[in-house]
Amino acid sequence: MNTQPINSTRERPGAGSSGGLWLLIVLVFLAGAGVAIALRLIPPAIVMGVLTLLAVSGFYTVQPNQAVAITVFGNYKGSDRTTGLRWVPFWYTRKNVSLRVRNVTSEALKVNDQRGNPIEIAANVVWHVSDSAQALFDVDDYNVFVNIQIETALRETARQYAYDHAEDGAPTLRDDADIVGARLKADLQLRVEVAGVTVDEAHLMHLAYAPEIAGAMLKRQQAEAVIAARQKIVAGAVGMVEMALEQLSERGVVKLDEERKAAMVSNLLVVLCADREAQPVVNTGTLYG
């Protein structure tokens with residue numbers, strides 16, 4: 001089966017003209033019709049009336065950040081971006097296209113991250129139409145097209161990253177929002193370029209584990225937090241023990257053999273690393289008693 005690519009359309013300046021001049025012409029037609037009626041010249045009055053109606057039917061207005069695509073019997077003539085009152089012949093077809101910035105927040109999607117964990121993710125995308133001809137003639141409905149491509153790009157981007165704690169310092173969805181947003185924006189721009197759309201911003205709005213694994217992942221995060229805290233506690237305790245032994249040796253407070261040093265190190269580490277407060281034992285005898 002042979003498929004042919006669509007004919008890409010590019011926006012070009014429209015064929016509209018200033019409506020002010022044609023407004024004067026309409027007034028002239030109305031005056032002529034009035035004079036003809038006053039003189040009871042019915043055929044000229046009818047002609048002037050018809051010309052007035054045809055001229056009035058060619059008026060249209062262009063608002064700021066709006067374009068009007070003009071076609072003649074299916075042939076694209078151009079897009080008019082000049083604001084104000086404009087005019088084209090009545091047989092010209094006009095279609096309005098908004099060029100204003102649009103803000104879209106996608107629905108929360110359930111996808112798998114790089115590790116295969118089910119997650120819920122949503123994004124906020126800011127976009128606008130940059131080419132009115134492509135938006136109207138190269139896709140069926142550019143609003144629906146963009147919304148579908150946002151969902152597709154979001155799913156594809158989510159699969160490229162782990163939710164958190166990636167290996168080798170790779171970016172993650174939770175900790176590297178800027179990198180993920182830039183990737184999402186670039187991917188989405190490639191997908192909507194055919195519709196004459198420019199993506200201004202894209203970033204994540206919602207990110208969470210799916211309900212079926214949220215509890216297990218919470219326990220894992222809690223365990224990782226406890227391990228990280230223990231590592232810091234042990235590292236600090238070792239430093240404090242080392243400092244205590246050095247100061248005792250330098251000041252000559254007490255002389256300890258290797259066996260007693262090992263016992264002191266063990267006792268200090270127990271005190272510093274214990275979950276609960278240590279209960280002191282007072283030795284009323286000698287140091288080695």
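Along the sequence shown, the residues carry numbers beginning at 1.
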Taking it one step at a time, do D187 and R191 satisfy salt bridge (charged side-chain N to carboxylate O under 4.0 Å, His left out)?
CA-CA 7 Å; D187 188 8; R191 295 174 182 274; 3.1 Å; yes
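- In this structure, the side chains of Y161 and I179 come closer than 4.5 Å at one or more pairs of heavy atoms.
- We find the CH2-CG distance between W91 and L54 to be 9.0 Å, quoted to the nearest 0.5 Å.
- Side chains of S106 and L154 form a contact here, defined as non-hydrogen atoms less than 4.5 Å apart.
- Judged purely by distance below 3.5 Å, without hydrogens or angles, the side chains of Q189 and E193 never pair a donor atom with an acceptor atom.
- With side-chain heavy atoms closer than 4.5 Å counting as contact, directly or through intermediates, L53 stands alone and belongs to no larger hydrophobic cluster.
- Donor-acceptor pairing under 3.5 Å is lacking for the side chains of R81 and N65.
- For H203, the side-chain contact (heavy atoms from CB on, under 4.5 Å) partners at least two apart in sequence or on another chain are N124, E201, M205.
- Here the shortest heavy-atom pairing between L173 and L204 reads O-CD1, 4.1 Å.
- No hydrogens or angles considered: a donor-acceptor pair under 3.5 Å links the side chains of R10 and Q134.
- Between the side chains of D80 and Y60, a donor-acceptor pair is found at a separation under 3.5 Å.
- Counting heavy atoms from C-beta on, the side chains of N147 and V104 come closer than 4.5 Å.
- Defined by atom type and a distance below 3.5 Å, a donor-acceptor pair is present between the side-chain atoms of S132 and E11.
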